[in-house]
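What follows is a short report on a single structure.
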Amino acid sequence: MEQSFYNQQHCPAGTLNLQSEKTVDFFLKTDNLMLLGIALSSGLMLLWPVIQRGRAGGSVSTTQAVQLINHEDAVVVDVRPLASFQNGHIPHSRNIPLAEIADKAAKLPKDKPILVTCDRGQIAVGGAARLRKAGLERVMVIEGGLNAWLQAGLPTSTKKK
């Protein structure tokens with residue numbers, strides 16, 4: 001009885017049906033479907049870095065990276081090409097280009113934190129995900145990569161390791 005009272009008092013006859021028809025019409029129009037598609041895809045693009053970081057195992061700031069290196073003997077893996085690595089890198093880091101990382105993951109210690117870096121920290125996310133897939137658990141990306149390291153005024157090296 002309440003439903004019929006509500007329909008009679010607040011919604012003129014046929015209004016509810018008309019509203020549902022308008023909703024269906026909205027979804028059937030090509031322009032609106034394109035707008036919805038754009039909204040969904042842009043939302044997914046905004047979420048993609050968050051999803052990738054989750055697969056990579058998280059990230060650490062340059063300060064946290066220094067603490068892990070000093071207190072837990074963290075191993076820094078630089079996934080940049082050799083030429084970029086030789087121009088300057090985090091001291092004592094290992095150069096394992098991204099294409100080779102899955103093959104060389106077994107050579108990395110499983111009992112120490114692994115910090116993955118590149119120029120800006122974006123490519124390192126893929127490297128960290130591959131290391132986690134290879135069975136390493138404590139893998140993290142240095143936020144901002146070597147650029148953030150340099151901005152923090154931390155030392156770099158050109159020595160091979």
Side-chain angles (χ1 to χ4, degrees), residues 3 6-7 10-12 14-69 72 74-90 93-106 108 110 112-154 156:
Q3 191 175 20
Y6 179 79
N7 288 341
H10 300 290
C11 298
T15 303
L16 287 175
N17 192 22
L18 184 61
Q19 288 175 345
S20 63
E21 285 178 19
K22 285 182 181 179
T23 303
V24 171
D25 287 344
F26 176 81
F27 288 111
L28 292 177
K29 290 187 179 178
T30 307
D31 293 340
N32 294 339
L33 285 176
M34 287 178 42
L35 287 174
L36 286 171
I38 291 169
L40 285 172
S41 62
S42 65
L44 287 174
M45 285 190 285
L46 289 171
L47 286 175
W48 187 249
V50 174
I51 294 167
Q52 284 290 89
R53 288 203 199 292
R55 286 182 48 222
S59 59
V60 294
S61 68
T62 54
T63 305
Q64 293 168 320
V66 169
Q67 290 174 349
L68 287 167
I69 293 166
E72 297 187 44
V75 175
V76 179
V77 175
D78 193 320
V79 296
R80 297 177 301 150
L82 182 60
S84 298
F85 180 79
Q86 289 175 336
N87 287 335
H89 55 270
I90 296 171
S93 61
R94 299 180 188 186
N95 180 235
I96 305 176
L98 189 61
E100 302 170 15
I101 204 156
D103 298 333
K104 296 187 178 180
L108 296 170
K110 293 188 180 223
K112 295 180 181 180
I114 308 293
L115 305 176
V116 186
T117 190
C118 62
D119 285 324
R120 294 178 288 162
Q122 295 171 339
I123 295 170
V125 171
R130 291 178 189 180
L131 290 174
R132 287 184 61 80
K133 189 175 181 181
L136 296 166
E137 293 180 13
R138 294 186 66 196
V139 179
M140 295 156 268
V141 173
I142 298 176
E143 291 174 3
L146 187 63
N147 289 349
W149 188 269
L150 292 169
Q151 285 180 351
L154 296 166
T156 59

Option among Val66, Val60, Asp78 that satisfies the side chain to side chain contact (heavy atoms under 4.5 Å, CB included) test with Leu115: Val60
To the nearest 0.5 Å, how far apart are [atom1] in [X] and [atom2] in [Y]?
X      : Y      : atom1 : atom2 : result
Thr117 : Ile90  : OG1   : CD1   : 4.5 Å
Lys112 : Ile69  : NZ    : CD1   : 12.0 Å
Thr62  : Gln67  : OG1   : CD    : 10.0 Å
Leu35  : Leu40  : CG    : CG    : 11.0 Å
Lys110 : Arg138 : NZ    : CZ    : 14.5 Å

Which atoms form the tightest heavy-atom contact between [X] and [Y], and what is the distance?
X      : Y      : value
Val141 : Gly121 : CG1-O, 3.7 Å
Cys118 : Ala124 : SG-N, 3.4 Å
Pro113 : Leu68  : CG-CD2, 4.2 Å

Taking side chain as C-beta onward, heavy atoms only, is [X] less than 4.5 Å from [Y]?
X      : Y      : value
Arg130 : Leu98  : yes
Ile96  : Val79  : no
Met140 : Ser59  : no
Ile142 : Val116 : no
Ser93  : Phe85  : yes

Derivation of the side chain to side chain contact (heavy atoms under 4.5 Å, CB included) call for Val77 and Asn95: CA-CA 6 Å; Val77 175; Asn95 180 235; over 6 Å; no
Is it the case that the side chain of [X] and the backbone of [Y] share a donor-acceptor pair, with hydrogens and angles ignored and the cut-off at 3.5 Å?
X      : Y      : result
Ser84  : Arg80  : no
Arg132 : Val139 : no
Gln86  : Ala83  : no

Stepwise side chain to side chain contact (heavy atoms under 4.5 Å, CB included) check, Arg94 with Lys104: CA-CA 11 Å; Arg94 299 180 188 186; Lys104 296 187 178 180; over 6 Å; no
Leu154 atom CG, over 12 foreign heavy atoms within 6.0 Å: yes
